[in-house]
Engineer: 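After the structure tokens below, expect a handful of questions from me.
Note that the structure is a prediction, hence the values are computed from the model and not measured.
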Amino acid sequence: MLLSSREMLLKAQRDGYAVPAFNIHNMETLQVVVETAESMGSPVIIAGTPSTVESYAGPVYIEAMAQAAAANCHVPIAIHMDHFEDPDVIKKNILIGFKSCMIDASKHVFKENIAIVKDIVEYAHRYDAVVEAELGVLGGQEDNLNVSEKDAMYTNPDDAVEFVTATGIDSLAVAIGTAHGLYKGEPKLDFDRLKEIRDIVDIPLVLHGASDVPDHLVQKAISMGICKVNVATDLKIPFANAVKAFFVENPDASDPRKYMTPGKVAMEAVVRHKITVCGSANRY
Ligand code: 13P
Ligand code: ZN
Ligand code: NA
């Protein structure tokens, strides 16, 4: 069954693990995520950005594919709008059946961010949907920032309390030094900041940009209160590399059932590994 991510994240928070949120783009990637999660007994969040859900696949396709995938599953599955900025688009997709969203209003000033997010929370909760929002900026390479730059960009713990209280959001994405995509060196996560936030914010916390973060750092973040771990790039690269390798071996191939399969196999290994890192196997 497709659920909201509310219960999943609260259970993860209680029991000290994280629910993985995997970014998908099409039927094949959605199948890999759901089938692997089911085989490992892991709750899972299927995430799509606006460029996937709106521009590439269409929200009706994504919702229908997720319903089809979930119909044969025992694990809880949620479809999640990741990094959506347009409130009207979020509302439209909630009516289609999405029960989980991230409203990314972090580029707006604090008060405006609060107003935009609060409006979405009020709407979403009427439809049993949940809302994640971000405070702070999750940029490209952030690991070489000095202290004042960090204070400007990373999540401020006191602001986080005010933000959570004023908006009524269900989970908070924290900016603590991760970035989308790959890192130049090893990323430096601000665990002191995470602890400060965890001590005074009681809702589930979300880690974006988890690709290319060493496993032990992801696990440390989970042990300190991260309940949802977002992974995109670490799935895309091996999928593409496996398809490229297949075409090198089989330059005349044209059957998608043949050339997509090695991509799915390569991606499955990564999904399996990330579920293990999150500690979410056999948790339902
Ligand atoms: P990565 O591409 O670093 O995995 O980031 C994923 C993410 O944060 C999706 O919201
Ligand atoms: Zn993200
Ligand atoms: Na990353």
Side-chain angles (χ1 to χ4, degrees), residues 2-10 13 18-24 45-59 62-63 66 78-139 153-156 159-176 178-180 197 201-210 226-232:
L2 288 185
L3 304 166
S4 100
S5 53
R6 179 185 283 111
E7 301 308 325
M8 278 185 218
L9 293 192
L10 290 175
Q13 184 178 31
V19 179
F22 296 113
N23 286 76
I24 57 92
I45 296 171
I46 299 166
T49 57
S51 55
T52 298
V53 176
E54 299 305 310
S55 314
Y56 183 70
I62 297 283
E63 200 274 340
I79 40 174
H80 175 79
M81 295 177 256
D82 188 32
H83 291 284
F84 274 59
E85 296 185 11
D86 186 334
D88 292 335
V89 173
I90 293 179
K91 290 175 182 174
K92 166 182 79 69
N93 289 348
I94 286 174
L95 296 181
I96 289 172
F98 284 73
K99 289 195 181 302
S100 183
C101 70
M102 176 205 194
I103 168 89
D104 192 345
S106 57
K107 68 180 180 208
H108 297 273
V109 296
F110 191 58
K111 290 281 177 236
E112 257 173 66
N113 190 349
I114 287 178
I116 294 168
V117 173
K118 189 168 186 286
D119 174 62
I120 284 295
V121 169
E122 281 166 6
Y123 187 90
H125 285 179
R126 274 190 263 143
Y127 294 91
D128 187 34
V130 288
V131 181
E132 168 187 329
E134 174 175 327
L135 199 57
V137 185
L138 191 114
M153 294 179 73
Y154 287 9
T155 306
N156 174 291
D159 287 352
V161 173
E162 186 184 342
F163 186 69
V164 168
T165 310
T167 57
I169 51 170
D170 302 279
S171 59
L172 177 72
V174 291
I176 56 166
T178 55
H180 292 127
I197 298 167
V201 171
D202 59 2
I203 61 173
L205 302 178
V206 178
L207 188 70
H208 281 250
I226 292 291
C227 312
K228 172 172 174 271
V229 170
N230 287 12
V231 180

Engineer: What's the shortest heavy-atom distance between A105 and V117, and which atoms?
Structural biologist: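 The answer is CB-CG2, 4.3 Å.
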
Engineer: Taking S4 for its side chain and K99 for its backbone only, find out whether a donor-acceptor pair lies under 3.5 Å.
Structural biologist: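 It does not hold such a pair.
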
Engineer: Quick one: side-chain contact (heavy atoms from CB on, under 4.5 Å) partners of T52, sequence neighbours excluded?
Structural biologist: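 Once residues adjacent in sequence are excluded, the partners of T52 under the side-chain contact (heavy atoms from CB on, under 4.5 Å) criterion are H25, T49, I62.
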
Engineer: Let me confirm one number: the CD1-CD1 distance from I24 to I45, rounded to the nearest 0.5 Å.
Structural biologist: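 I24 atom CD1 to I45 atom CD1 measures 13.0 Å (nearest 0.5 Å).
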
Engineer: Could you report the tightest heavy-atom contact between H125 and G168, atom names first, then the distance?
Structural biologist: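 Closest pair (atom of H125, atom of G168, distance): CE1-O, 3.5 Å.
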
Engineer: With a sphere of 6.0 Å drawn around CZ of F110, does it hold more than 12 non-hydrogen atoms of other residues, nucleotides or ligands?
Structural biologist: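 Yes, the 6.0 Å shell around CZ holds more than 12 heavy atoms from other groups.
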
Engineer: Kindly write out the residues that satisfy side-chain contact (heavy atoms from CB on, under 4.5 Å) with I94, not counting sequence neighbours, or none if the list is empty.
Structural biologist: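 Checked I94 against side-chain contact (heavy atoms from CB on, under 4.5 Å); matches are M81, I90, Y123, A124, Y127, A129.
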
Engineer: Which residues satisfy the salt bridge (Lys or Arg N to Asp or Glu O under 4.0 Å) test with E63, sequence neighbours excluded?
Structural biologist: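 Residues passing salt bridge (Lys or Arg N to Asp or Glu O under 4.0 Å) with E63: none at all.
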
Engineer: Test salt bridge (Lys or Arg N to Asp or Glu O under 4.0 Å) on E112 and K107; report intermediate values, then the result.
Structural biologist: CA-CA 10 Å; E112 257 173 66; K107 68 180 180 208; over 6 Å; no

Engineer: Is the shortest side-chain heavy-atom distance between C101 and V131 below 4.5 Å?
Structural biologist: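 Side-chain contact under 4.5 Å: yes.
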
Engineer: Nearest 0.5 Å, what's the CD1-CD distance between I203 and Q13?
Structural biologist: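 The CD1 atom of I203 sits 8.5 Å away from the CD atom of Q13.
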
Engineer: Ignoring hydrogens, what is the shortest heavy-atom contact between M102 and D82? Give both atom names and the distance.
Structural biologist: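 Nearest heavy atoms, M102 then D82: SD-OD1, 4.1 Å.
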
Engineer: Atom CG in L95, atom NZ in K91: separation rounded to 0.5 Å?
Structural biologist: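 Those atoms lie 10.0 Å apart.
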
Engineer: Rounded at 0.5 Å granularity, tell me how far CD1 in I120 sits from CD1 in I169.
Structural biologist: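 So the CD1 of I120 and the CD1 of I169 are separated by 13.0 Å.
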
Engineer: Give a yes or no on whether the backbone of H108 and the side-chain of N113 come within a donor-acceptor separation of less than 3.5 Å.
Structural biologist: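 Such a contact is absent between N113 side chain and H108 backbone.
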
Engineer: Between T178 (side chain only) and H208 (backbone N and O only), is there a donor and an acceptor less than 3.5 Å apart?
Structural biologist: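 Yes; at least one donor-acceptor contact below 3.5 Å.
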
Engineer: Kindly write out the residues that satisfy salt bridge (Lys or Arg N to Asp or Glu O under 4.0 Å) with D86, not counting sequence neighbours, or none if the list is empty.
Structural biologist: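 None.
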
Engineer: Please identify each residue that fulfils side-chain contact (heavy atoms from CB on, under 4.5 Å) with A66, with sequence neighbours left out.
Structural biologist: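 So A66 forms a side-chain contact (heavy atoms from CB on, under 4.5 Å) with L2, L30, I46, I79.
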
Engineer: Do V121 and I103 have side chains that get closer than 4.5 Å, going by heavy atoms?
Structural biologist: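 Counting from C-beta outward, V121 and I103 never come under 4.5 Å.
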
Engineer: Apply side-chain contact (heavy atoms from CB on, under 4.5 Å) to E122 and list each qualifying residue two or more places apart in sequence or on a separate chain.
Structural biologist: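 Listed in chain order: K118.
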
Engineer: Flag the pair D170 / L9 as yes when at least one side-chain heavy-atom distance between them is below 4.5 Å, and no otherwise.
Structural biologist: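 No, every pair of side-chain atoms sits at 4.5 Å or beyond.
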
Engineer: Is the shortest heavy-atom distance from the side chain of S171 to the side chain of V130 under 4.5 Å?
Structural biologist: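 A side-chain contact is absent here, since even the closest heavy-atom pair is not under 4.5 Å.
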
Engineer: If you measure from NE2 on H83 to CD on E134, what distance do you get to the nearest 0.5 Å?
Structural biologist: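 So the gap between those two atoms works out to 6.5 Å.
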
Engineer: Apply the test side chain to side chain contact (heavy atoms under 4.5 Å, CB included) to residues F163 and V201: give CA-CA distance (whole Å), side-chain angles for both, the deciding distance (0.1 Å), then the verdict.
Structural biologist: CA-CA 10 Å; F163 186 69; V201 171; over 6 Å; no

Engineer: Less than 4.5 Å apart, side chain to side chain, heavy atoms only: is that true for P204 and L10?
Structural biologist: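 With C-beta onward as the side chain, the pair touches.
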
Engineer: Work out which heavy atom in A160 is nearest to a heavy atom in L172; give both atom names and the distance.
Structural biologist: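 Nearest heavy atoms, A160 then L172: CB-CD2, 3.9 Å.
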
Engineer: Would a 4.5 Å heavy-atom cut-off, applied to side chains only, mark S5 and E132 as touching?
Structural biologist: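 No, too far: nothing below the 4.5 Å cut-off.
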
Engineer: Is the backbone N or O of I114 less than 3.5 Å from a side-chain atom of T167, with the two atoms forming a donor-acceptor pair by type?
Structural biologist: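 No, because the side chain of T167 does not come within donor-acceptor range (under 3.5 Å) of the backbone of I114.
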
Engineer: Let me see the working for N93 and E54 under side-chain hydrogen bond (donor to acceptor under 3.5 Å, both in side chains), right down to the final yes or no.
Structural biologist: CA-CA 10 Å; N93 289 348; E54 299 305 310; 2.8 Å; yes

Engineer: Which atoms form the tightest heavy-atom contact between H80 and S100, and what is the distance?
Structural biologist: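 That closest heavy-atom pairing would be ND1-OG, 2.7 Å.
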
